[in-house]
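Start at 1 and go down the list; that is how both ligands and their atoms are numbered.
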Amino acid sequence: MKSSINPYTQEKLYSFKELTTKQLKEKLQQSHECFLEWQETTFEQRSDLMNRAAKVLVENKTLYAETISKEMGKPISQAVAEIEKCAWVCEYYADKAKDQLKDEIIETDAQKSYVSYEPLGIILAVMPWNYPFWQVFRFAAPNLMAGNVGVLKHASNVMKSAELIAEVFTEAGFPEGCFQNLIIGSDLVETVLENEWVKAATLTGSKPAGGSVAAIAGKHIKKTVLELGGSNALIVFEDADLDSTVKTCVQARFQNTGQSCIAGKRLLVHQNIMEEFVDLFIKQVRELKSGDPMDENTYIGTLAREDLAEDLEKQVLKSIEMGAKLLLGGKRNGSYYEPTVLTNVTEKMPIFKEETFGPAIGITAFQSDEEAIRFSNNSEFGLGVSLFTKDTEKALKLAPCFEEGAVFINELVKSDPRLPFGGIKISGYGRELSSHGIREFVNKKTVYLKN
Ligand code: NAP
């Protein structure tokens, strides 16, 4: 049985009976049968349905947003924004997929040679709870448009969101089996992956989960895309515009109550502006309103589960024990964790070395560009980095020095349907979104015609 528990009220919200192995196989059969017809549909037909999915999302955004807030504690205004972004990703691929997947002519000795992009079949998506709708839609929109069909194994604590997502596609008119929610635990992921009709998997989540799914997929020679954790640095150079930088850094760390893979988790500040920057930063963090996730004015909700708040508490306490100075916060109450700021943070402390998945940030001073780059790259993760400076020419010159999937200048790292998203190192491999993402799960077929 899978259950959703409201982390703010502790109320048990919904229970879901897990699929038996037999039911699971029947669902995969249904997906496969759907694929045989779906792959023959035109881009125009798929676009029409995907635009309708966007409409369903907009029409029901209050219900969907409230479900997110109740299941995992996201403040309601941020949950509404999440649904609106899902509608955008549907509209974006409805419009762009045909062009992104058109045959690519390559001049050779042949009369004609080109690459065509053809769908593979059923793609498994294993997804996390932190953006329960967005993570799924950024997989589903490009992949269904590419002619694949999707099956979802969502995180166990957001199964109501998973059910509603599947209903979006049904209501929009997608054929039965085109997108299915599988109510299963991680123990049945292997059964899905070894099924002959399942051709590939994408997982967003932790390193252990990614490693396990990739190993199983590898055994069956099936492709994976992994979007794992991150420990992005926010680098504030001496000449940064402080007002806008502070605002962006606060948002980068504290939106979604800090539970984001691309959150700015390590704040690196030039020592000459440290005092002024920290004063402004603390002032803004103090103003973030904590409270009931269902309240429109709440910015900091609870963490999605109490054990996650406990993990964060341990990382902060250990860092303080190792010499970090607590400037703000540091207290936990059940699944709520206060917005917390530490300074005097060194590279060995958990707040620097490990991924922190909640509203806590450590500040480290640097003295030179070289030192900032070294600190930033001193991480197992490689998802993204933000650089804040007025010298944009210098920032662009420094961009190649960072071991990251993305460098954002004077902006927080964010996902955008138009841009590729993904990491290197233990942040994973492969890309989602953009023309790069839509081509991950297609057969790039070479066609060669000789006279
Ligand atoms: P998680 O425990 O890895 O869970 C993610 C998903 O994987 C859930 O559906 C989970 O199912 C499933 N799972 C867990 N262990 C598995 C296994 N051995 N085999 C197959 N499936 C397995 O991660 P989380 O704690 O929910 O999410 C936080 C992590 O995700 C953080 O590290 C964060 O940075 C990362 N994340 C990355 C991105 C990105 O785009 N790069 C985005 C968001 C989050 P159950 O719930 O049933 O265990």
Side-chain angles (χ1 to χ4, degrees), residues 1-5 7 16 18-19 71-74 82 124-139 151-159 161-162 165 181-194 201-219 224-232 255-265 303-312 315 354-358 379-384 404-406 413-416 419-433 437:
M1 201 62 105
K2 298 283 175 205
S3 300
S4 303
I5 295 166
F16 297 89
E18 289 176 55
L19 296 177
E71 273 193 314
M72 52 70 69
K74 190 188 303 268
E82 180 173 336
L124 166 68
V126 182
M127 291 292 155
W129 44 262
N130 62 341
Y131 288 87
F133 272 62
W134 168 246
Q135 303 284 7
V136 179
F137 275 90
R138 81 176 182 196
F139 151 76
V151 289
L152 169 66
K153 181 264 172 280
H154 217 326
S156 297
N157 54 329
V158 291
M159 283 287 170
S161 295
I165 291 166
N181 173 36
L182 308 176
I183 307 173
I184 55 170
S186 47
D187 53 323
L188 277 187
V189 165
E190 179 149 19
T191 309
V192 179
L193 271 171
E194 65 193 12
T202 181
L203 178 140
T204 299
S206 61
K207 183 187 169 197
S212 165
V213 166
I216 298 166
K219 194 163 85 185
T224 46
V225 164
L226 299 182
E227 302 286 4
L228 308 178
S231 187
N232 292 3
Q255 70 178 355
N256 207 33
T257 316
Q259 301 167 109
S260 167
C261 52
I262 45 173
K265 293 168 187 157
L303 299 198
R305 299 187 313 254
E306 190 165 343
D307 60 296
L308 298 164
E310 285 167 357
D311 288 347
L312 185 63
Q315 290 170 307
E354 299 171 7
E355 180 180 31
T356 49
F357 222 59
S379 168
E380 291 181 284
F381 298 98
L383 204 48
E404 306 287 347
V413 177
K414 54 186 173 183
S415 60
D416 179 319
L419 291 169
F421 182 91
I424 59 167
K425 304 201 287 192
I426 67 161
S427 292
Y429 51 75
R431 291 293 178 265
E432 290 193 282
L433 300 172

Practice problem: Select the closest option to atom 47 (O) of ligand 1 among Gly211, Ser156, Ala214, judged by heavy-atom distance. | Solution: Ser156
Quiz item: What do we get for Glu190 next to ligand 1 when only non-hydrogen atoms under 4.0 Å count, side chain, backbone, both or neither?
Solution: neither
Quiz item: Looking only at non-hydrogen atoms, which of Pro208, Gly205, Ser231, Gly422 approaches atom 29 (C) of ligand 1 most closely?
Solution: Gly205
Practice problem: Decide whether the shortest distance between a heavy atom of Phe421 and an atom of ligand 1 is less than 4.0 Å. | Solution: yes
Exercise. Classify the contact between Asn130 and ligand 1 as side chain, backbone, both or neither, using a heavy-atom distance cut-off of under 4.0 Å.
Key: side chain
Practice problem: Examine Leu228 against ligand 1 and note whether any of their N/O atoms are separated by less than 3.5 Å. | Solution: yes
Practice problem: Consider only side-chain N and O atoms of Ser231 and Lys265, and report whether a donor and an acceptor are under 3.5 Å apart. | Solution: no
Quiz item: What do you reckon, does Gln259 put a non-hydrogen atom under 4.0 Å from ligand 1?
Solution: no
Exercise. Would you check whether Arg138 reaches within less than 4.0 Å of ligand 1, judged by its heavy atoms?
Key: yes
Practice problem: With atom 6 (C) of ligand 1 as the reference point, say which of His154, Glu355, Met127, Lys2 has the nearest heavy atom. | Solution: Met127
Quiz item: Under the 3.5 angstrom rule, does the side chain of Glu82 hit a backbone N or O of Trp134 as a donor-acceptor pair?
Solution: yes
Quiz item: Taking atom 38 (C) of ligand 1 as the point of reference, which of Cys261, Ala263, Ala304 owns the nearest heavy atom?
Solution: Cys261
Practice problem: Using a 4.0 Å heavy-atom threshold (strictly under), name the region of Tyr131 that reaches ligand 1: side chain, backbone, both or neither. | Solution: neither
Exercise. Check Gly405 against Arg431 and note the closest heavy-atom contact, atom names and distance.
Key: CA-NH2, 3.8 Å
Quiz item: Is it the case that Gln315 and Thr356 place a side-chain donor and acceptor less than 3.5 Å from each other?
Solution: no
Quiz item: For atom 40 (O) of ligand 1, is the nearest protein heavy atom under 4.0 Å away?
Solution: yes
Quiz item: Taking atom 10 (C) of ligand 1 as the point of reference, which of Lys265, Lys153, Glu432 owns the nearest heavy atom?
Solution: Lys153
Quiz item: Hey, which atoms in ligand 1 end up nearer than 4.0 Å to a heavy atom of Val126?
Solution: 6 (C), 7 (O), 9 (O), 12 (C), 21 (N)
Exercise. Mind checking whether Ala155 contacts ligand 1 via backbone (N, CA, C, O), side chain (CB onward), both or neither, at a 4.0 Å heavy-atom cut-off?
Key: both
Self-check item: Of Ile184, Thr191, Asn181, the residue whose pairing with Leu19 passes side chain to side chain contact (heavy atoms under 4.5 Å, CB included)
Solution: Ile184
Quiz item: With backbone taken as N, CA, C and O and side chain as the heavy atoms from C-beta onward, which portion of Lys207 lies under 4.0 Å from ligand 1: side chain, backbone, both, or neither?
Solution: neither
Exercise. Evaluate the side-chain proximity of Cys261 to Glu227: yes if any heavy-atom separation is below 4.5 Å, no if none is.
Key: no
Quiz prompt | Identity of the nearest option to atom 1 (P) of ligand 1, non-hydrogen atoms only, from Ser206, Ser427, Ser260 | solution = Ser206
Quiz item: Thr204 to ligand 1: N or O pair under 3.5 Å?
Solution: no
